[in-house]
Amino acid sequence: MPIPERLNPTFAFTSQPATDLVEEARKHLIVALDVPDAASAAWLVGQLDGTCQWFKVGLELFVAAGPAVIEPLVARGHSVFLDLKLHDIPNTVAGAVRSATALGVKMMTLHAAGGPAMLAAAKSALDGVAKPPELLAVTVLTSMDQAQVNAVGLDRSPAEQVAMLAKMGLEAGIRGFVCSPKEVAALRALTGSEGVLVVPGIRPAGAAIGDQKRIATPADALRQGASFLVVGRPITQAPDPAEAAEAILKEMAEAL
Ligand code: C5P
């Protein structure tokens, strides 16, 4: 079966047709390194070295360990998704995008709510960069329900706000979005095949749900239009993280 175009955005992949679907799935699984220090991250990456290509560094690890935590990942040929959800004045965000690009990260997040000028400045910061990282806009945090959305002065439903911010992001030239499994089909309809949709809240069939509310299995999320899946605890807290990751890759391969 040919690889669907939505799983083949041009920035990260070779033009070779994939012959092995598990190998192809490996290019679309991101492990969230949600750990408090560099030593724990290094242990996990060591466990997953031959199994996983992508790692997400978020606020907890970055604030504790700094850019030094990214360098060894890049040096070993891993792909890094820096999830700092930037939200500041355009000049400051553009500077942060340049700094992250210099570290060699391949994807990074920023808040769509920063507005069109902030998104445009972030995009412009990548002008002339040979292999620019993908900028991913976060629309509405999945922790925001109707009451939270109203509390920040918005009259819309969370779903309406997601759609509004996604359209604004697309107009500013952003084609990547982080979204929950619940939103992925609607965002895929908005972005078309060009969209790079990164989806957390993934749980293999039978796994513990934890604090996630809007979940999908790996195969379901891909079928609904995800480009990349972000998985944390089902891999990082498994007795054998590599074995857990391989099982998820097999589930993903079923949907390719
Ligand atoms: O452990 P788990 O698989 O739930 O981890 C999911 C990862 O994705 C975490 O790093 C979490 O912060 C992140 N994330 C999320 N929901 C969002 C955005 C990011 O779970 N809406």
Side-chain angles (χ1 to χ4, degrees), residues 28-37 40-41 44-45 47-48 51-52 54-65 69-70 73 79-87 105 107-114 134-146 148-149 158-159 161-163 165-166 169 174 176-188 196-222 224-239 241-242 244-245 247-249 251-252:
H28 304 274
L29 174 64
I30 305 171
V31 179
L33 294 175
D34 293 328
V35 290
D37 54 56
S40 312
L44 262 177
V45 173
Q47 294 290 306
L48 295 167
T51 312
C52 296
W54 280 88
F55 293 96
K56 177 169 94 79
V57 174
L59 280 167
E60 181 184 9
L61 181 58
F62 194 80
V63 169
V69 80
I70 292 171
L73 285 168
S79 304
V80 177
F81 166 23
L82 185 60
D83 185 20
L84 301 183
K85 299 185 177 69
L86 306 175
H87 190 167
V105 311
M107 297 201 280
M108 70 181 97
T109 46
L110 64 176
H111 270 286
E134 193 73 39
L135 297 179
L136 303 173
V138 175
T139 56
V140 179
L141 294 170
T142 46
S143 52
M144 304 273 287
D145 58 12
Q146 185 70 60
Q148 296 285 313
V149 167
Q161 182 70 359
V162 167
L165 287 172
I174 304 289
F177 296 92
V178 180
C179 60
S180 79
K182 196 182 160 193
E183 294 150 356
V184 66
L187 278 180
R188 178 57 66 194
V196 178
L197 303 184
V198 176
V199 181
I202 302 299
R203 289 295 178 269
I209 291 172
D211 56 0
Q212 291 284 10
K213 294 200 169 60
R214 305 170 192 172
I215 56 163
T217 65
D220 276 347
L222 290 177
Q224 287 175 51
S227 313
F228 290 90
L229 308 184
V230 179
V231 181
R233 288 161 291 181
I235 293 174
T236 60
Q237 293 186 6
I248 288 173
L249 289 167
E251 283 195 48
M252 291 170 70

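In this text, all values refer to a predicted model and were calculated from it rather than measured experimentally. For the single chain, residues carry numbers from 1 onward in sequence order. Note that ligands are numbered from 1 as they come in the structure, with each ligand's atoms numbered from 1 the same way.
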_Looking only at protein heavy atoms, which one is nearest to atom 2 (P) of ligand 1, and what is the separation?_
Arg203 NH2, 3.5 Å
*Quick one: look up the protein heavy atom nearest atom 12 (O) of ligand 1 and list residue, atom name and how far away it is.*
Lys56 NZ, 4.1 Å
*Tell me, which protein residue and heavy-atom name are nearest atom 6 (C) of ligand 1, and how many Å apart are they?*
Gln212 NE2, 3.7 Å
*Mind checking whether Leu135 and Met108 have side chains closer than 4.5 Å, heavy atoms only?*
yes
*Residues, nucleotides or ligands: over 12 heavy atoms within 6.0 Å of Lys85 NZ*: yes
*Please identify which atoms of ligand 1 are closer than 4.0 Å to at least one heavy atom of Pro234.*
3 (O)
*ligand 1 and Val230, any nitrogen or oxygen pair closer than 3.5 angstrom?*
no
*What's the shortest distance from atom 16 (N) of ligand 1 to any protein heavy atom, and which residue and atom give it?*
Pro200 CG, 3.5 Å
_Donor-acceptor contact present, side-chain Gln148 to main-chain Asp145, <3.5 Å_ = no
*asked:* Show the atoms of ligand 1 that are less than 4.0 angstrom away from any heavy atom in Gly232.
replied: 1 (O), 2 (P), 3 (O), 5 (O)
*Quick one: which of Leu136, Leu187, Asp83 gives a side-chain contact (heavy atoms from CB on, under 4.5 Å) with Val178?*
Leu136
_With heavy-atom distances below 4.0 Å as the criterion, list the atoms of ligand 1 near Ala32._
10 (O)
*Rounded to the nearest 0.5 Å, what separation is found between the CG atom of Asp37 and the CD atom of Glu60?*
8.5 Å
_If I apply the N/O under 3.5 Å rule, does Arg233 come out as touching ligand 1?_
yes
*How close does the nearest protein non-hydrogen atom get to atom 10 (O) of ligand 1, and which residue and atom is it?*
Asp34 OD2, 2.7 Å
*Which residue owns the protein heavy atom closest to atom 21 (N) of ligand 1, what's the atom, and how far is it?*
Thr142 OG1, 2.8 Å
*Where does the angle between the aromatic ring planes of Phe228 and Trp54 fall among parallel (under 30°), tilted (30 to 60°) and perpendicular (over 60°)?*
perpendicular
